> 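Take this structure, written in structure tokens, and hold onto it; I'll ask about it next.
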Amino acid sequence: MIIDWDEIAKPSLPANCGWRGSYRVRYSEIGDNSLAMLPALADYMQDAAGWGARILKLAYDDTVDQGMAWVLARMVIHVRRYPGNGEDIIVETWPSGVARRVATRDFRLIDGKGDVIAVAQSFWVMFDLIERRAASWPDWIEERLPDPPGPKLIAPPFRPPFTSDPLPEIDSIKARPSDLDLYGHVNNVRLMQWVLGATGTDAKPDFHPESIDVQFRTECRVQERVTVRQKDGFAAITRDGDGVDLVRAHVVPKNRTALA
């Protein structure tokens with residue numbers, strides 16, 4: 001996907017559904033090149049999504065009493081420049097539409113000079129917290145979605161890129177209690193860390209790629225053991241018990257062009 005950063009910078013923050021917040025890169029979030037790692041940027045966006053949902057009364061606190069919550073199904077991130085330790089970053093976000101019971105939310109990361117340094121689009125579905133499966137949307141959810149939504153900053157392909165080639169096993173991981181979020185499953189940013197820990201050259205970590213398109217297909221629960229498989233930038237996190245791919249991803253390193 002070709003990214004036109006000038007075009008991404010043009011849209012104004014939507015007055016009816018936009019949210020803007022400031023984040024400072026912490027020492028614990030930088031890699032050995034002194035730059036923030038991609039999971040840190042994803043963590044900022046995860047936090048911003050929660051605050052953005054609050055202004056629409058669609059956050060966790062607004063849905064949990066109904067036994068439902070939003071869960072992330074897919075995230076596409078493109079990075080122009082990784083910020084350094086102590087750098088202040090503005091995150092702007094807004095809902096950008098609904099299709100086939102999947103809601104999208106876009107993000108734009110801006111540095112102190114006013115330059116856009118990263119852009120992302122996320123895809124969300126409703127999750128039944130009791131049945132642990134996708135949930136139907138009640139009418140009040142649709143009534144609270146913004147009309148009109150904000151603009152889509154990027155247009156990822158409808159189907160996430162993936163490979164039909166066998167993926168070699170790179171790592172084995174057991175989900176720990178410290179990996180879980182308030183939904184009782186491994187947080188999506190932690191799953192992204194596991195993917196990036198094995199998708200660099202020669203299966204080495206690459207926490208500063210040009211882009212990632214990651215699909216969260218089903219949840220990973222505590223004490224489950226998974227295998228990380230990777231080849232040529234395509235990766236999967238596979239549950240050992242039944243061979244189900246919990247996560248699939250395509251990671252493009254810096255200075256390379258993403259596959260069509």
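Since this is a predicted model, take the numbers as computed values, not measurements.
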> Inspect the surroundings of CZ in Arg26 and state if more than 12 heavy atoms from other residues, nucleotides or ligands are less than 6.0 Å away.
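Incorrect, the count does not exceed 12.
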> State, yes or no, whether a side-chain contact exists between Pro209 and Leu38 at a heavy-atom distance under 4.5 Å.
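In contact.
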> Sequence neighbours excluded, which residues qualify as side-chain contact (heavy atoms from CB on, under 4.5 Å) partners of Pro205?
Phe207
> Rounded to the nearest 0.5 Å, how far does CG of Asn85 lie from CG of Leu35?
9.5 Å
> Any idea which heavy atoms bring Trp19 and Gly52 closest together, and the distance?
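For Trp19 and Gly52, the tightest heavy-atom pair comes out as CB-CA, 3.9 Å.
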> Test salt bridge (charged side-chain N to carboxylate O under 4.0 Å, His left out) on Arg217 and Asp245; report intermediate values, then the result.
CA-CA 7 Å; Arg217 297 162 59 88; Asp245 284 348; 5.3 Å; no
> Do the non-hydrogen side-chain atoms of Arg80 and Glu210 ever get within less than 4.5 Å of each other?
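Arg80 does not reach Glu210 side chain to side chain.
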> Once you round to the nearest 0.5 Å, how far does CG of Asp179 lie from CD of Gln193?
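One finds 8.5 Å between CG of Asp179 and CD of Gln193.
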> Would Glu29 and Tyr44 satisfy side-chain hydrogen bond (donor to acceptor under 3.5 Å, both in side chains), going step by step from the backbone distance to the final call?
CA-CA 11 Å; Glu29 298 170 331; Tyr44 304 160; 2.5 Å; yes
> Table please: side-chain donor-acceptor pairs of residues 194-204 below 3.5 Å, with sequence neighbours left out.
{"from": "Thr199", "atom 1": "OG1", "to": "Val195", "atom 2": "O", "distance (Å)": "3.3"}

> Going by heavy atoms in the side chains, are Asp139 and Glu143 under 4.5 Å from each other?
yes
> How about Asp32: does its CG atom have over 12 heavy atoms from other parts shown lying under 6.0 Å from it?
no
> Checking side chain to side chain donor-acceptor pair (under 3.5 Å) against Thr104, which of Arg74, Lys152, Gln121 comes through?
Lys152
> Minimum heavy-atom separation for Ala120 and Ile154, please, with both atom names.
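Between these two residues, the closest heavy atoms are C-CD1, 4.1 Å.
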> So does Glu169 have more than 12 non-hydrogen atoms from other groups sitting under 6.0 Å from CD?
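No - once you tally the heavy atoms of other residues, nucleotides and ligands closer than 6.0 Å, there are 12 at most.
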> Under the criterion salt bridge (charged side-chain N to carboxylate O under 4.0 Å, His left out), I'd like the reasoning laid out for Arg239 against Asp242: C-alpha separation, chi angles, the key distance, then a yes or no.
CA-CA 6 Å; Arg239 187 163 53 208; Asp242 55 12; 2.8 Å; yes
> Can you confirm whether more than 12 heavy atoms, excluding those of Trp137, are under 6.0 Å from its CH2 atom?
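Atom CH2 in Trp137 is crowded, with more than 12 foreign heavy atoms closer than 6.0 Å.
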> May I ask you to decide if the ring planes of Phe234 and Phe162 are parallel, tilted or perpendicular, using 30° and 60° as cut-offs?
perpendicular
> Surrounding CZ of Arg225 (heavy atoms of other residues, nucleotides or ligands, distance under 6.0 Å), is the total greater than 12?
yes
> Side-chain donor-acceptor pair under 3.5 Å between Thr163 and Asp232, yes or no?
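Thr163 vs Asp232: no donor-acceptor pair found between side chains.
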> Identify each donor-acceptor pair in which a side-chain atom of residues 180-188 lies under 3.5 Å from a protein atom, sequence neighbours left out, and give them as a table.
{"from": "Asp181", "atom 1": "OD1", "to": "Tyr183", "atom 2": "N", "distance (Å)": "3.0"}
{"from": "Asp181", "atom 1": "OD2", "to": "Asn187", "atom 2": "ND2", "distance (Å)": "3.2"}
{"from": "Tyr183", "atom 1": "OH", "to": "Trp70", "atom 2": "O", "distance (Å)": "3.2"}
{"from": "His185", "atom 1": "ND1", "to": "Glu219", "atom 2": "OE1", "distance (Å)": "2.8"}
{"from": "Asn187", "atom 1": "OD1", "to": "Val189", "atom 2": "N", "distance (Å)": "2.9"}
{"from": "Asn187", "atom 1": "ND2", "to": "Gln46", "atom 2": "OE1", "distance (Å)": "3.0"}
{"from": "Asn188", "atom 1": "ND2", "to": "Gln46", "atom 2": "OE1", "distance (Å)": "2.9"}

